[in-house]
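Data first, discussion second: the structure below is written as structure tokens.
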Amino acid sequence: MTMQPWFTDAKLGIFIHWGIYAVDGVPESWSFYWGEVPHDQYMKQLDRFTASAYDPRAWAELFARAGARYAVLTSRHHDGVALWDTAHGDLNVVRHTPAGRDLIAGYVDALREQGLKVGLYYSHSDWNHPDYASVRHPGIDEWPDTYPGGNDANPYSHAEAGKEDPAAWTRFLAYRDAQVGELVHRFRPDLLWFDGEWERTEEQWRTGELAELIRAGNPETVLNARMLSHGDYATPEQGIPLQAPEGPWELCLTVNDSWGFQHQDHNHKSVRQLVRYFAETIGMGGNLLLDVGPREDGTIPAEQVERLEALGAWIGRHSEAVYGTVAGLPAGHHYGPSTLSADRRTLYLVCFDVPRESVSVRGLRNRVARVTVLGTGAELGHHVTGGLDAVPGVTWIDAPAEADLDPYATVLAVELDGELDLYRGTGRD
């Protein structure tokens with residue numbers, strides 16, 4: 001399948017980790033897997049998950065204000081608790097929580113009202129399903145231990161050696177396929193964001209058959225790399241790669257240190273840091289999937305709302321440098337990230353710090369026609385010094401006046417006399 005163009009044009013998505021784990025504010029699913037919380041205590045959160053203040057329209061409006069073009073909601077995490085009234089498996093918020101209703105349909109409708117693309121997260125693994133821990137990954141004995149007592153002691157994820165049950169595994173895959181089929185046919189998501197793929201091989205997961213099922217229901221569904229060889233784009237987490245992955249990609253990043261809501265986690269990244277993450281990501285040609293963790297009642301913490309809105313305001317002031325652009329200059333040409341217009345005739349230089357005297361661009365063969373400050377339109381002087389034969393000189397751009405500086409990151413639009421032409425050589429011998 002050809003990658004859907006909306007994805008690479010989107011630049012910003014919002015990740016939403018929401019589930020029963022928000023009740024006690026424990027790590028989603030992992031808290032019982034790691035043995036931090038007894039399994040029965042974790043599952044008792046079902047009794048207090050209310051979604052009482054859940055307003056999907058308010059979510060969608062916030063995401064639109066943030067400048068996002070899509071969002072991804074955890075329809076079912078590794079704990080197996082589905083947020084919709086699935087007919088496959090008994091564990092869902094409709095039957096077993098005070099919320100008592102499907103929480104996905106309203107989210108889907110609200111996003112589409114705002115013109116946002118709909119993403120749903122779904123975990124291949126289900127640590128509560130009776131048939132899940134029925135086979136073993138063939139390489140499990142070489143894994144570092146992630147469970148107290150060793151991986152073989154974990155009753156949630158793998159069968160003990162010599163006790164595999166292929167028939168049970170086949171039943172589990174039928175359950176998984178049926179749930180994914182429900183999501184595809186009922187909600188028609190634009191994107192399915194899978195997770196949990198590390199616990200089995202591609203052959204064990206039968207991802208080829210799953211991909212066929214999804215594409216038969218909606219051929220345009222975008223799939224992330226956790227569909228293994230059937231994924232459309234890469235998904236690095238929590239750290240900007242130093243080299244961009246090949247093809248489309250997306251950085252998954254939390255606003256604080258947690259995916260889901262955790263009461264004690266107040267270590268929120270600053271707006272300036274989030275702008276930096278965003279600019280560096282799109283400057284390398286990727287999208288930022290920025291995660292928030294709503295409380296169990298469905299409200300997004302004020303600190304996260306404030307940061308999304310401030311990021312959206314920055315994007316709004318600099319939308320020309322965001323949407324409709326591609327990756328900018330390789331490292332070494334400018335001290336900061338940059339993007340390039342689709343016609344490759346305008347460079348957008350991002351300056352995180354206040355420029356002193358001038359901003360320089362190295363290796364630029366083009367003549368610069370004009371430089372302006374995005375957001376204010378102020379025109380800046382520029383000139384070239386040096387250069388010899390094939391090696392171009394340095395293009396110097398006068399620093400903007402204080403009144404033209406952005407509080408988070410200033411962007412300079414550099415209009416070129418043609419398509420970007422860079423020198424990448426080593427200079428004269």
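A quick note: this is a predicted structure, and the numbers were derived from the prediction, not measured.
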* Thinking salt bridges, do R171 and D126 make one under a 4.0 Å N-O criterion? -> no
* Closest heavy-atom pair and its distance - R112, D190 -> NH2-OD2, 3.7 Å
* Asked: Name the one of I240, L290, D291 that satisfies side chain to side chain contact (heavy atoms under 4.5 Å, CB included) with L253?
  -> L290
* What ring pair (Phe, Tyr, Trp, His ring centres under 6.0 Å) pairs are there with at least one residue in residues 219-251, not counting sequence neighbours? -> F7-Y233
* Asked: Side chains of W59 and Q114: is there a donor and an acceptor less than 3.5 Å apart?
  -> no
* Please name the residue in the list T86, D90, D85 that meets the side-chain hydrogen bond (donor to acceptor under 3.5 Å, both in side chains) test with R95. => D90
* Structure fact -> For L173 and Q204, the nearest pair of non-hydrogen atoms, with its separation, is CD1-O, 3.5 Å
* Asked: Is the closest basic N to carboxylate O distance between D9 and R69 below 4.0 Å?
  -> no
* Kindly indicate, with the supporting measurements, whether the criterion side-chain contact (heavy atoms from CB on, under 4.5 Å) is fulfilled by D195 and E197. => CA-CA 6 Å; D195 200 6; E197 82 295 341; 4.0 Å; yes
* To do: Could you tell me whether E182 and R76 make a salt bridge, using a distance below 4.0 angstrom between a side-chain N and a carboxylate O?
  => no
* Which heavy atom of L73 sits nearest a heavy atom of L103, and at what distance? -> CD2-O, 4.4 Å
* **Under 3.5 Å side-chain donor-acceptor pair for Y42 and D79** => yes
* To do: Could you pull out all residues at least two apart from R362 that satisfy side chain to side chain contact (heavy atoms under 4.5 Å, CB included)?
  => Y335, S360, V394
* Please check if the distance between the ring centroids of F49 and H96 is under 6.0 Å. => no
* To do: Identify the heavy atoms of T235 and C252 that sit nearest to each other, and give their distance.
  => CB-SG, 4.2 Å
* To do: Determine, step by step, whether W193 and H17 satisfy the ring-ring contact (aromatic ring centres under 6.0 Å, His included) criterion, reporting the C-alpha distance in whole Å, the side-chain angles of both residues, the deciding distance to 0.1 Å, and the verdict.
  => CA-CA 12 Å; W193 208 104; H17 275 68; 7.8 Å; no
* Asked: Do the side-chain N and O atoms of E36 and S31 include a donor-acceptor pair separated by under 3.5 angstrom?
  -> no
* Asked: Less than 4.0 Å between a side-chain N and a carboxylate O, is that true for K44 and D24?
  -> no
* Asked: What class does the angle between the rings of W127 and W30 fall in, given that below 30° is parallel, 30 to 60° is tilted and above 60° is perpendicular?
  -> perpendicular
* With side chains defined as the heavy atoms from C-beta onward, is the minimum distance between L311 and V275 less than 4.5 Å? -> yes
* Taking atom types as modelled, find out whether R295 and H263 have a side-chain donor-acceptor pair closer than 3.5 angstrom. => no
